[in-house]
There are 2 protein chains.
Amino acid sequence: MTAQQTCGAAADGNRRAELVRAAARLFRDRGYDGTSIRDIADAVGMRSGSPFYHFKSKQEILAAVMEEGLLSCLPAVEGIVAGALPPRQKFRALLRAHLETVLAEGHDFIPVLLYDWRALSPERRAGIVALRDRYDRVWQAVLTELQRAGMVKSDSKVARLLLMGAINFSIQWYQPGRGCTLDELADEAAGMFLL
Amino acid sequence: MTAQQTCGAAADGNRRAELVRAAARLFRDRGYDGTSIRDIADAVGMRSGSPFYHFKSKQEILAAVMEEGLLSCLPAVEGIVAGALPPRQKFRALLRAHLETVLAEGHDFIPVLLYDWRALSPERRAGIVALRDRYDRVWQAVLTELQRAGMVKSDSKVARLLLMGAINFSIQWYQPGRGCTLDELADEAAGMFLL
DNA sequence: CCTACCGATCGGTAGG
DNA sequence: CCTACCGATCGGTAGG
């Protein structure tokens, strides 16, 4: 009985997780407004009304994509900043991790966060902002370390926003398998911003 | 007769231009998919069917926003690159002009180009890409001048894309009248990318 | 999780 | 450029 309940809950969780994953993929490709509940249901082999057994609304699916995307990548980057690497390697590791999160195939969650932010209803934003802030603090900490080591001109907030923007905007032009690898891109970005 | 025809044509052109301007504003605020033809018609005091007297489809309005946005800012930036300023000032002037285009209040056209690109149908993209390429060539030329003057590490295409991304992404976080002015932002960006 | 459905809204058109 | 309208699609729900 306990086993069956656990199994049932796990199966429910899996279906829910499937929906979030499918939604992330579709939102990334077509945008939130360009994706219908029916598209998401089709992608996991459900009927059009069934996603509402798992989520109260389409907005709740969007929030889940953003929240789970951040929760799944925060441990890695917070591990990097807490680690003992010298500043330059720390920066390079963070850069590389972020590029992976944003550009690697199958990584759809953070791009949705970045490019469908305005589609998220104002009431749902606060919770996600709290997680974004954790992510931003990691970057700020690493930039401050770099600055103290004399390896970068500025660790101002604006400098950080410009740097992160340079990388985040690469979603718009980077094509996996064409042009350069993620490692080469990380090198170019690092070389550009370090003294 | 000629005067009346001209006047009639001008009035038509004005109504069309009004629609494009209203659409740009709405697309920037709510996205292409989040804006209905009725929203656009309302904004200029027309009934819902009337925009189709000026445009064949909603897609044609989007293409007009992007095309007119590029056509109206290209002369200024092409003037900068063709001018006689030394490399550093040329770069600074280009940076400043681009920030204006992208962040100043009432400048909605280029943000739509940057953030609703995927909403533009593939058939309509080629024409806009040709104009974008002209814009990109201006930047590339200025970066090459900078590099020859030994003022920047790299004038590779990737370096240019990262730099332009840093600025373009500022639409997502910059708030006019809060934090810093466009001039200060231009200084910070220039200081960051110059040796 | 499916069936069957609802009201609202969408882009677009015919005819004037 | 308006009136009046169309078929399609949307997010969401009741009842099982």
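Residue numbering restarts at 1 for every chain, and letters A, B, ... go by the order of the sequence lines. For the numbers below, each heavy atom of this structure counts, side chains included, while hydrogens, waters and symmetry mates do not.
- Remark: A:Thr35 OG1 to B:Asp33 CG distance equals 9.0 Å, nearest 0.5 Å.
- Rounded to an integer number of Å, the gap from A:Phe55 CZ to C:dC1 C1' is 14 Å.
- Residues from residues 58-66 of chain A lying near DNA chain D, meaning a heavy-atom separation below 4.0 Å, are A:Lys58 in numerical order.
- Nucleotide D:dG11 holds its C1' atom 5 Å from the CZ atom of A:Phe52, rounded to whole Å.
- Taking the six-membered ring where tryptophan is involved, the planes of A:His98 and A:Tyr135 are tilted, since the angle between them lies from 30° to 60°.
- Between A:Arg38 and A:Met46, it is A:Met46 whose nearest contact on DNA chain C lies nearer the 5' terminus.
- The side chain of A:Arg15 has C:dC1 as its nearest neighbour among C:dG12, D:dG12, C:dC1.
- Taking CG from B:Leu185 and CG from A:Leu162, the interatomic distance works out to 5.5 Å, rounded to the nearest 0.5 Å.
- Connection of A:Leu74 to A:Ile128 is established within a shared hydrophobic cluster, with ILVMFWY side chains joined at heavy-atom distances below 4.5 Å, either directly or through further cluster members.
- For the pair A:Leu19 CG and D:dG12 P, the interatomic distance rounds to 14 Å; values are reported in whole Å.
- One atom, CG of B:Asp39, and another, P of C:dG12, lie 14 Å apart when rounded to the nearest Å.
- Of all nucleotides listed (C:dG12, D:dG11, C:dC1), C:dC1 comes nearest to the side chain of A:Tyr53.
- When rounded to the nearest whole Å, the span between NZ of B:Lys56 and P of C:dT13 equals 10 Å.
- For A:Arg47, the listed nucleotide lying nearest its side chain is C:dC2; candidates were C:dC2, D:dG11, D:dC1.
- Counting any heavy atom pair closer than 4.0 Å across all strands shown, A:Ser36 reaches sugar-phosphate atoms only and no base atom.
- Rounded to whole Å, the distance from CD on A:Glu18 to P on C:dC1 is 8 Å.
- Atom CG of residue B:Leu131 and atom CG of residue B:Asp136 lie 11.0 Å apart, to the nearest 0.5 angstrom.
- Here the closest heavy-atom approach between residue A:Glu184 and residue A:Gly179 is recorded as OE1-O, 4.5 Å.
- Residues B:Gln147 and B:Ser154 bring no donor and acceptor atom of their side chains to less than 3.5 Å of each other.
- Ring pair A:Phe193/A:Phe91: centre-to-centre distance not below 6.0 Å.
- Pairing analysis of DNA chain D (Watson-Crick: purine N1 to pyrimidine N3 plus N6-O4 or O6-N4; G-U wobble: N1-O2 and O6-N3; both under 3.5 Å) yields stems of 3 or more pairs at C:1-16 with D:1-16.
- If you measure from atom CD1 of B:Ile37 to atom C1' of D:dC6, you get 16 Å, rounded to the nearest angstrom.
- Atoms CZ and OH, on B:Phe169 and A:Tyr115 in that order, are 5.0 Å from each other to the nearest 0.5 Å.
- The listed nucleotides are C:dG12, D:dC1, C:dC1; the one nearest the side chain of B:His54 is D:dC1.
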